Amino acid sequence: MKLLKQETFCIQFNNHRRVPWPHHRRKTYLCYQLQLNGVTYASDYLRNKRGRHAEIRFVEKIRSLKLDKDKNYDITCYLTWSPCLHCARELVDLKRSHRHLTLQLFTSRLYYHWFQKFQEGLHLLYTSQVPVIVMGFQDFSDCWDRFVDHQGRAFGPECWDGLEQRSKNIQQRLNRILQVFSIVVFGSIVNEGYLNSPSEGQEFCVYNRNPGACGYGVTVGVLAFLTCLLYLALDVYFPQISSVKDRKKAVLSDIGVSAFWAFLWFVGFCYLANQWQVSKPRDNPLSEGTDAARAAIAFSFFSIFTWAGQAVLAFQRYQIGADSALFSQDYMDPSQDSSMPYAPYVEPSTGPDPAGMGGTYQQPANAFDAEPQGYQSQGY
DNA sequence: CATCCCAGG
Ligand SMILES: [Zn+2]
């Protein structure tokens with residue numbers, strides 16, 4: 001079995017959000033390991049070939065092995081880019097046709113994650129028991145040990161500075177995407193909680209005929225959705241916030257808001273569960289909407305943890321950022337210069353002060369784009 | 001809302 005070269009791994013698996021020209025040097029690499037009861041049966045890496053994505057080739061490869069569908073195989077994949085919608089469907093198909101297969105995807109970066117199609121793919125995987133996990137230091141390290149010709153060297157953080165911080169960002173981004181999709185589902189479920197009463201000719205709430213319960217569900221759903229959108233937008237603009245203070249505020253608000261939402265979901269869960277318990281069967285003789293009612297309760301329950309998880313992630317981001325320079329350069333600049341902690345993002349080689357802090361809003365990234373040759377260092 | 005999975009041997 002062939003192994004990756006150290007240099008290839010560092011170039012292809014790095015999780016910087018942008019890299020210097022030419023961008024297409026970051027290709028898809030898919031490293032997979034097939035195990036049964038801890039014994040490795042296959043271990044290899046794949047790339048795109050003849051226009052077919054590595055993931056597709058992977059699925060074909062696995063299918064060609066004609067695995068015994070009753071055995072509990074275990075497949076771990078490490079991807080440089082997360083799968084597109086088409087590949088996500090293929091992977092889900094593979095999972096569905098092999099009930100007992102455990103398929104786990106680790107990804108270094110999210111591919112086109114601001115397009116709805118790609119978000120849909122991620123959500124599909126998420127809801128089909130094919131977890132997509134953003135690689136953290138431990139995962140990079142595992143991948144390094146298994147698939148790289150490391151010549152005895154351990155995976156070291158000196159390879160990429162600030163890896164853990166970026167990983168947390170990406171993970172948070174992924175969580176948020178999945179949250180938005182889930183909330184839409186919740187909204188449609190809770191909407192079914194309003195039942196039509198043929199005798200009275202008007203709607204009533206499936207939860208104990210208490211309009212407050214349905215109202216709370218809908219309100220929480222809509223507001224949570226808006227909160228998600230707000231923070232999705234904030235994630236995008238975060239690197240452009242030049243003041244360290246504002247960045248800290250943004251992350252701190254994320255902690256508070258996420259924790260607060262965990263609380264609201266908790267209240268919602270208790271409220272709905274309680275009202276559901278005391279609803280009288282004779283109010284709803286046909287038992288309409290009971291599935292929806294239960295689903296909404298379950299959703300509220302799980303939301304407590306997803307939002308609490310967001311809060312924890314934000315807290316970790318804050319912790320990492322608080323005592324290192326990571327609140328500053330690391331978010332957007334793959335180049336070096338670790339000597340200047342908390343430096344705002346400005347093109348280092350430009351001479352005199354670019355327009356202070358007032359007046360026009362500087363867009364420093366343009367300075368890079370206009371002068372690609374200025375990029376000399378192979379920082380990563 | 002950000003740039004991004006070359007193709008062929
Ligand atoms: Zn694909």
Side-chain angles (χ1 to χ4, degrees), chain A residues 2 4 8-32 44-61 77-91 105-122 125 132 134-135 160 166 169-170 172-177 179-181 225-242 250 329-335 345 361-375 378-380:
Chain A
K2 54 191 195 294
L4 287 165
T8 314
F9 181 80
C10 285
I11 292 176
Q12 300 298 338
F13 271 89
N14 82 70
N15 62 0
H16 285 292
R17 61 186 279 151
R18 46 191 313 160
V19 293
W21 289 104
H23 298 130
H24 52 264
R25 282 203 336 220
R26 283 164 142 189
K27 306 178 200 309
T28 303
Y29 278 72
L30 187 155
C31 305
Y32 69 91
D44 201 0
Y45 73 87
L46 291 167
R47 289 175 38 186
N48 293 1
K49 203 99 189 199
R50 253 171 271 134
R52 279 151 67 237
H53 280 186
E55 300 92 316
I56 303 291
R57 302 188 56 215
F58 162 74
V59 171
E60 284 171 3
K61 176 93 183 179
C77 293
Y78 294 95
L79 285 152
T80 56
W81 289 116
S82 62
C84 63
L85 178 56
H86 181 240
C87 293
R89 287 195 178 125
E90 292 293 323
L91 289 163
L105 306 179
F106 288 90
T107 186
S108 171
R109 307 178 293 263
L110 300 176
Y111 188 57
Y112 278 127
H113 50 91
W114 54 95
F115 287 152
Q116 207 218 327
K117 278 267 180 275
F118 293 77
Q119 298 180 347
E120 212 179 304
L122 293 169
L125 290 165
V132 178
V134 175
M135 289 166 79
W160 319 312
R166 285 189 300 273
N169 276 354
I170 298 170
Q172 202 163 27
R173 171 78 190 176
L174 175 60
N175 287 354
R176 205 91 73 184
I177 288 167
Q179 246 173 14
V180 169
F181 271 75
F225 181 69
L226 293 178
T227 310
C228 264
L229 289 188
L230 181 77
Y231 276 94
L232 273 176
L234 187 65
D235 284 345
V236 171
Y237 291 115
F238 193 78
Q240 295 178 16
I241 303 174
S242 55
Q329 88 242 348
D330 195 50
Y331 283 95
M332 72 302 280
D333 191 356
S335 73
Y345 183 56
Y361 181 85
Q362 285 275 337
Q363 188 63 279
N366 294 338
F368 272 146
D369 297 340
E371 181 65 284
Q373 298 307 335
Y375 232 109
Q378 305 299 340
Y380 63 108

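If you're wondering where the values come from, they're calculated on a predicted model, not measured in any experiment. Naming convention: chains lettered A, B, ... in sequence-line order (proteins, then strands); numbering from 1 in each chain.
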Round to a whole Å and report the spacing from [atom1] of [X] to [atom2] of [N].
X         : N      : atom1 : atom2 : value
Phe115(A) : dC5(B) : CZ    : P     : 12 Å
Ile170(A) : dA2(B) : CD1   : C1'   : 13 Å
Ile177(A) : dA2(B) : CD1   : P     : 15 Å
Tyr29(A)  : dC6(B) : OH    : P     : 10 Å
Gln240(A) : dA2(B) : CD    : C1'   : 9 Å
Tyr231(A) : dC1(B) : OH    : P     : 22 Å
Trp81(A)  : dA2(B) : CH2   : C1'   : 11 Å
Leu105(A) : dC5(B) : CG    : P     : 19 Å

Expected rows: protein N/O vs nucleotides 7-9 of chain B N/O, under 3.5 Å:
| from | atom 1 | to | atom 2 | distance (Å) |
| --- | --- | --- | --- | --- |
| dG9(B) | O6 | Lys49(A) | NZ | 3.4 |

Touch class at under 4.0 angstrom, heavy-atom based, for Arg173(A) against every strand present: base
Touch class at under 4.0 angstrom, heavy-atom based, for Tyr237(A) against every strand present: nothing
Residue list, side chain to side chain contact (heavy atoms under 4.5 Å, CB included) with Phe225(A), at least two apart or on another chain: Val180(A), Ile183(A), Val184(A), Leu229(A)
Non-neighbouring partners of Thr28(A) that pass side-chain hydrogen bond (donor to acceptor under 3.5 Å, both in side chains), sequence neighbours left out: none
Qualifying residues under side-chain hydrogen bond (donor to acceptor under 3.5 Å, both in side chains), relative to Tyr231(A), sequence neighbours excluded: Ser253(A)
Parallel, tilted or perpendicular: rings of Tyr112(A) and Phe115(A) (30°, 60°): parallel
Side-chain donor/acceptor pairs under 3.5 Å, residues 79-89 of chain A, sequence neighbours excluded:
| from | atom 1 | to | atom 2 | distance (Å) |
| --- | --- | --- | --- | --- |
| Thr80(A) | OG1 | Lys27(A) | O | 2.8 |
| Thr80(A) | OG1 | Tyr29(A) | N | 3.1 |
| Trp81(A) | NE1 | Arg26(A) | O | 3.3 |
| Ser82(A) | OG | Tyr111(A) | N | 2.8 |

dC5(B) OP1/OP2 closer than 4.0 Å to side-chain N/O of Tyr111(A): yes
Sub-4.5 Å side-chain heavy-atom contact between Arg173(A) and Leu110(A): yes
Pair listing, salt bridge (charged side-chain N to carboxylate O under 4.0 Å, His left out) test, anchored in residues 49-60 of chain A, at least two apart: Arg52(A)-Glu60(A)
